[in-house]
Each structure stands twice: as structure tokens, then as C-alpha cells.
Amino acid sequence: MEAFQLLSRGGIKFNKKKFKNDVSLFNNAKSSSSATDVPLGPPDGDLPSELDFFKYAQNTSVKRKAGDSTGPDKKRRIDDIVDKEEDEERQIEIHAQESNITEGYAKHRVVTKGFNVPPHANTFDALTNRYRIPSHLLANLSTNGYTQPTSIQSYGIPILLEHRDLAAISPTGTGKTLTYTFPIFSSLGNPSTTANSDAGLGVRALILSPTRELAHQIHNECLKLSQGRKWKVVLFSKATANTLTDKKARDKVDIIISTPLRLIASIRSGHLELENVRHLVLDEADRMLDSEFLSQVQEIVAACNHPKLQKAVFSATLPANAEKIAMGMLNNPIRVVVGTKDTPLPLITQSLTYVADDPSKLPSLLGYLSQPYNPPVLIFTSSQPRASSLAEELILNGISNVDCLHAGMSKKEREEAISRMRKGMSWILISTEVMARGMDFKGVREVINYDFPTSVQSYIHRIGRTGRAGREGKAVTFFTDEDASYLKSIANVILQSGFSVPDWILKLPKPSKIKRRTMGKTKRPDTVNMARKVGRREAIKKRDMIAGSKRRRETADISVETN
DNA sequence: AAAAAAC
């Protein structure tokens with residue numbers, strides 16, 4: 001049934017002319033459970049490209065040279081030395097193969113690059129044959145439902161277990177967190193609280209995250225793996241930092257998960273030593289290495305001065321400049337790319353919706369929400385005030401269970417919003433970029449980009465909040481005339497994922513730098529003010545029109561899964 | 001390339 005619905009939804013909904021006459025025509029792609037509402041599928045009997053995951057897996061061409069494969073490491077691999085290539089005057093082996101691991105429906109291509117890449121492990125059992133994995137760790141895997149490693153896990157875990165540096169690029173929702181937490185717990189020896197002669201005391205693993213929420217989520221994952229042993233895994237905050245001002249207390253810590261600035265505050269105040277850290281992980285690496293975070297991260301990396309420090313960076317996206325910085329930080333790194341770089345999961349059905357201008361967005365959204373949809377829905381705006389005001393606006397329009405989350409809110413408010421989301425109590429969460437990366441809400445099946453994302457990376461991470469762990473998802477992106485400058489690049493991403501995009505968008509010229517600059521300066525008004533000025537009348541009309549929407553929604557296909 | 005997030 002799910003597959004049928006996905007099949008029926010189609011790709012791009014776009015109708016510029018009609019919009020000018022009637023806002024309501026822009027109630028876009030529905031996901032109804034009622035069979036009568038479901039439009040007919042594509043006329044041809046072929047599998048639509050969005051469901052043809054194998055095609056997706058083959059999307060990227062890899063240069064193949066026939067013949068020569070007589071590398072020194074040939075025996076490490078039975079099947080897959082595909083290519084050799086000169087890279088920065090060094091001979092680097094390229095291993096490429098179709099992974100035989102199925103994640104949902106998707107088959108991912110995995111490409112590794114680097115010296116002496118350890119063979120991957122297709123099962124967790126294969127890992128135990130090759131490495132000494134503590135039994136409690138294996139037990140915790142199965143208790144938490146990890147039966148089969150994902151692609152990134154089967155490649156990344158052996159690499160990290162052999163204490164190699166790693167740059168891992170794998171799509172959203174494919175199990176990156178476990179890829180680095182598992183080897184940490186496996187390699188850490190004994191908790192600092194017990195006899196631990198070889199590795200010394202104190203924090204020996206450090207995981208950095210760009211947001212508090214993601215750090216919190218990583219901490220939860222660590223707790224799952226640490227069950228039954230006395231690991232001290234600290235989610236670093238002002239409060240926890242204050243419990244560690246005593247060196248004796250710090251010596252009991254094994255793992256710290258933190259945002260950069262919080263950690264730096266403790267280093268500078270002399271209340272934290274990182275010289276025994278053997279595992280350093282940058283999650284959302286490209287974000288952590290962009291201009292605002294870079295110097296902070298560099299300061300932390302410099303403080304981790306243990307000679308056996310292992311560094312690993314993870315992300316679903318890694319643009320060239322970020323990769324360059326990352327590779328410069330790593331020592332003899334192995335690079336693993338799962339799937340096609342900078343391409344979202346094929347499980348996410350993507351579409352673009354034209355909404356003319358900013359004032360038209362609210363009526364369009366209300367129209368969208370008057371149709372049956374799958375809560376909880378995650379909605380992205382471009383700024384904190386716009387997130388808050390849109391939340392108010394939806395509530396004013398009689399939509400219940402609306403939550404808002406941005407970094408301008410208090411820690412407590414943020415935690416409560418997350419908690420309601422996890423419990424399935426929110427139907428709609430309106431947020432900024434703070435929620436764009438890493439957050440794993442298994443129930444989220446729809447993402448709406450109310451404001452256009454300002455980068456391809458942002459787009460990929462935002463829509464990656466759905467379609468997690470092999471589930472289907474749906475992503476709708478509003479665009480206005482103002483978004484023309486970025487439209488083409490996002491449209492290319494959608495095209496690359498196997499969905500169709502109107503021709504005229506792909507033919508858009510590259511916007512001049514001057515234009516881009518002026519566009520960046522046009523300030524978007526709050527959605528509230530905007531609604532008062534222009535959209536209010538339509539909004540009220542719409543509200544009356546959709547007064548029955550609650551009734552309708554109750555009969556809609558509501559399946560909220562909680563974590 | 002640009003806003004948000006980090007304390």
C-alpha cells in the first residue's frame with residue numbers, strides 16, 4: 001500500500017499560470033489513505049525511476065580500467081580492485097563494488113580510497129571473527145535491534161577498529177552514528193572507573209556535534225551500547241561541566257559528547273584535559289569545518305595531543321573545500337563514500353512547489369495542511385522569527401499540536417519540543433537549520449521547505465530528516481521568484497535522485513554574483529507581519545474553508561512512530 | 001554562497 005501511494009504521488013507539481021488565479025490549486029501532492037483520492041499512476045507500466053533503486057545505485061560511473069590489478073594489496077580483497085589512479089603523486093587504490101547489503105530497497109555503491117583498506121564485514125558475526133569484540137557490546141547490539149550492518153557500518157567499523165583515520169560520507173539515515181560509537185566502545189578497553197592500566201584514565205573519546213540536540217541524540221545512542229558496563233559517557237553542558245571541575249571526577253569520564261564552544265570554555269578554564277583522547281569524531285563534518293566552527297574545532301583538535309589519536313569525520317555531504325580541510329587533518333586517511341555523493345536517498349520523494357512570493361506561502365501551506373498528510377511533519381524556515389511567527393500563524397488558523405524549535409529558545413523549551421516530537425505528540429514541528437542535520441525522527445515522513453534552502457547541502461540534510469533507516473519519506477520545497485538563484489542547483493539534486501524537474505528550471509542561467517548579492521540582502525519579513533499585510537484575508541478565508549480539516553485529518557493515514 | 005548555531 002505504501003509503495004502504491006508513493007507510486008501514485010508523482011514527482012513535480014508545478015503550475016505557474018493557474019496559481020495566479022487561485023491559491024487553492026496549490027494544495028499539492030496528497031498522501032491520502034483513501035483509495036478514491038489517489039490519482040492514477042504513471043501511464044506507462046514501467047517502474048517509476050524513483051522506485052528503481054538499482055538504477056540509482058548505478059548512477060555514478062566509475063572509471064574502469066581493464067587488466068592490471070597487481071597491487072601489493074591484491075590479496076586483501078577477493079573481488080573488487082577496480083581501478084588505480086594517481087592521486088596527488090601518490091599511488092592510491094580505488095576499491096569499488098556494488099554493496100550486497102540491502103538497506104530498505106536501496107542498494108548502495110560503496111567506494112573506498114586509501115592505503116591498505118581493511119576488508120569490510122558483511123555481518124556483525126564477521127566482525128567478531130576478525131576482531132576481539134567485547135561480548136556485552138554484541139549483546140547490546142542485538143538488544144537494540146541491530147541485526148545487520150548498513151553499508152557504512154560494514155565498511156567503516158573495520159577501518160576504525162584497525163585504528164585508521166576515516167572520512168565517511170554516507171547518506172542521511174544510514175547508520176553513521178553506530179559506525180563510530182561501536183568501535184569506540186570496542187577499543188576503549190575498560191571503563192575508567194575499573195582497572196585500566198593500558199589506556200590510562202579520563203576522557204579517551206570525544207565526539208563533536210554542531211547542535212545540542214544532535215549531541216543529546218548521540219549520547220542516547222552511546223547509552224544503548226554501554227548498557228551493562230560502567231562506562232561514563234558525558235553529554236557536555238554547563239551543568240555537567242560543573243560536576244567535572246574536580247580532577248578526580250574527570251578521571252572517571254570515558255567519553256564526552258559536546259558542541260565545540262562549550263568544550264572550549266572548559267579547556268580554557270583549565271577544567272578539562274584532552275591529552276588522553278584516543279578517538280576524536282567530527283559528526284556533520286562539513287558543518288563543523290565551515291568558517292564559523294573551524295577555528296573552534298582546530299583549537300580542540302590541537303588540545304587532543306595523544307600520539308595515538310585516531311580521527312574520523314562523518315557526514316552525508318562533504319563539499320570539496322570541507323573535504324580538503326578534513327583530509328588535511330587526518331593521518332593516512334581512508335575515504336569511504338556510500339551511494340552517490342551529494343545525492344539524497346531515493347526513498348525520499350521530492351517535489352518543488354511554486355508559490356510566487358513570500359505572502360503566498362502561508363495560504364499555500366494552509367492549503368497543503370488542509371489535505372490529508374502524515375504527521376508529524378517537519379517544516380523548515382530561514383530564520384528564528386519566521387519559525388516562531390509561522391507557528392503562531394498555524395495555531396491562529398486552528399491547527400493543533402504545532403511546535404516550534406530554534407536556537408533562540410531556552411534549553412528547556414528546546415528539550416520539551418524534542419521530547420514531544422519523539423513521543424509523537426507534535427503533528428507539526430517548525431524549525432530552523434538547527435534541526436536540519438543529524439536528527440533522527442523515525443516517524444517523520446514529510447518535510448516541507450517553507451523557505452528555500454540556501455545550499456545544496458542544507459537541502460540534502462533537511463529532507464534527510466525523513467526517509468530514515470529504509471523508510472519512505474516525502475519532501476516538498478516551496479520556491480518563489482526570489483529563489484531563482486538557487487533553484488537550479490536544487491533542481492539538479494532532485495533530477496540526480498531520479499525525479500523529473502521542469503525543463504525551464506534546468507535551463508535557468510547561472511545568476512550573476514551581483515544579483516545574488518542583492519538578493520541576499522532583501523530581508524524577509526516575519527510571517528506574522530506578512531500575513532497581516534497581505535495574506536490575512538486569504539488566511540482567514542482558508543481557515544474557514546478548512547474548518548472541517550480536523551475531521552478529515554482524523555480519517556487520514558496517521559501513523560506516528562516514536563523513537 | 002548564506003543563515004544559524006555554538007557560550
Side-chain angles (χ1 to χ4, degrees), chain A residues 206-218 235-242 256-269 271-272 282-301 317 319-322 342 358 379-388 390 404-411 413-414 417-418 430-439 449-462 465 482-490 492-493 510-526:
Chain A
L206 176 59
I207 302 164
L208 293 180
S209 144
T211 63
R212 271 186 221 150
E213 280 74 15
L214 182 53
H216 198 289
Q217 182 180 287
I218 296 165
L235 175 60
F236 220 59
S237 65
K238 201 167 204 173
T240 52
N242 286 337
I256 285 179
I257 301 139
S258 181
T259 50
L261 216 49
R262 178 60 258 174
L263 202 71
I264 285 178
S266 282
I267 298 173
R268 289 185 181 166
S269 68
H271 289 310
L272 185 65
L282 300 188
D283 205 347
E284 305 300 340
D286 50 340
R287 177 74 184 88
M288 303 301 283
L289 296 172
D290 75 16
S291 53
E292 292 80 359
F293 271 128
L294 181 58
S295 61
Q296 300 169 23
V297 169
Q298 282 171 332
E299 186 173 342
I300 292 165
V301 173
T317 55
N321 54 344
D342 290 343
D358 199 60
I379 300 178
F380 285 102
T381 64
S382 60
S383 72
Q384 294 180 7
R386 282 175 66 81
S388 318
L390 181 58
C404 177
L405 202 170
H406 57 68
M409 292 160 53
S410 74
K411 198 185 167 195
E413 288 170 325
R414 287 168 70 166
I418 291 287
I430 300 167
S431 186
T432 59
E433 286 296 301
V434 72
M435 282 290 100
R437 283 171 176 266
M439 295 309 294
N449 286 316
Y450 187 80
D451 292 330
F452 207 72
T454 54
S455 74
V456 166
Q457 286 74 30
S458 163
Y459 176 75
I460 290 171
H461 285 277
R462 281 180 178 190
R465 295 319 98 211
E482 282 188 12
D483 300 317
S485 53
Y486 297 108
L487 185 56
K488 192 181 179 183
S489 56
I490 304 293
N492 277 326
V493 172
K510 269 197 172 175
S512 71
K513 283 186 180 169
I514 300 136
K515 202 191 173 194
R516 207 178 284 154
R517 215 176 296 140
T518 53
M519 286 181 61
K521 278 179 184 162
T522 50
K523 218 183 138 198
R524 280 172 176 158
D526 283 8

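Numbers restart at 1 for each chain; the letters A, B, ... are given by sequence-line order, proteins then strands. What you see is a predicted model, and the numbers here were worked out from it, not measured in a lab.
Side-chain proximity of A:Ser383 to B:dA5, B:dA3, B:dC7: nearest is B:dA3. Listed candidates were B:dA4, B:dC7, B:dA6. Nearest to the side chain of A:Asp290 is B:dA4.
Computed from coordinates, the A:Ile430 CD1 to B:dA4 C1' distance equals 17 Å when rounded to whole Å. Spacing between atom CE of A:Met288 and atom C1' of B:dA4 amounts to 14 Å, rounded to whole angstrom units. Rounded to whole angstrom, the span from the CG atom of A:Leu405 across to the C1' atom of B:dA5 amounts to 12 Å. A straight line from CG of A:Leu289 to P of B:dA4 spans 21 Å, rounded to a whole angstrom. For the pair A:Met439 CE and B:dA5 P, the computed distance is 13 Å after rounding to whole Å. Across the protein-nucleic acid pair, A:Asp283 atom CG and B:dA6 atom C1' stand 15 Å apart, rounded to whole Å. Rounding to whole angstrom units, CZ of residue A:Arg437 and C1' of B:dA3 are separated by 13 Å. Taking atom CZ of residue A:Phe452 and atom P of nucleotide B:dA3, one finds them 15 Å apart after rounding to whole Å.
Base contact: A:Ser455 has a heavy atom under 4.0 Å from a base atom. Here A:Pro260 lies out of heavy-atom contact (under 4.0 Å) with every strand. Nucleic acid contact for A:Gln457: base, since at least one base atom lies under 4.0 Å from a heavy atom of the residue. A:Arg414 comes within contact range of the sugar-phosphate backbone alone, with a heavy-atom separation under 4.0 Å but no base atom that close.
For B:dA4, the base has a donor-acceptor partner in the side chain of A:Glu292 [N/O atoms by modelled type, under 3.5 angstrom]. The base of B:dA2 is paired with the side chain of A:Thr454 by a donor and an acceptor separated by under 3.5 Å. Within 3.5 Å, a donor on the side chain of A:Arg287 pairs with an acceptor on the base of B:dA4, or the reverse. Contact of A:Arg212 with B:dA5 (side chain to base): no donor-acceptor pair of N or O atoms is detected under 3.5 Å.
Contact check, A:Ser382 against B:dA2: no side-chain N or O comes under 4.0 Å of OP1 or OP2. Proximity of A:Arg462 to the phosphate of B:dA3: no side-chain N or O atom is located under 4.0 Å from OP1 or OP2.
A distance-only check finds a donor-acceptor pair linking the side chain of A:Arg465 to the backbone of A:Met439 [under 3.5 Å]. When atom types are taken as modelled, the side chain of A:Arg462 and the backbone of A:Glu433 share no donor-acceptor pair closer than 3.5 angstrom.
Shown here are the salt bridge (Lys or Arg N to Asp or Glu O under 4.0 Å) partners of A:Arg262, two or more places apart in sequence or in another chain: there are none. The salt bridge (Lys or Arg N to Asp or Glu O under 4.0 Å) test applied to A:Asp290 returns A:Arg287, not counting sequence neighbours.
Mapping A:Arg262 and A:Thr381 onto DNA chain B by nearest heavy atom places A:Thr381 at the nucleotide closer to the 5' end.
The side chain to side chain contact (heavy atoms under 4.5 Å, CB included) test with A:Leu405 singles out one residue from A:Thr432, A:Ile418, A:Ile430, and that residue is A:Ile418.
Considering only heavy atoms from C-beta on, A:Thr211 stays 4.5 Å or farther from A:Gln217 through its side chain.
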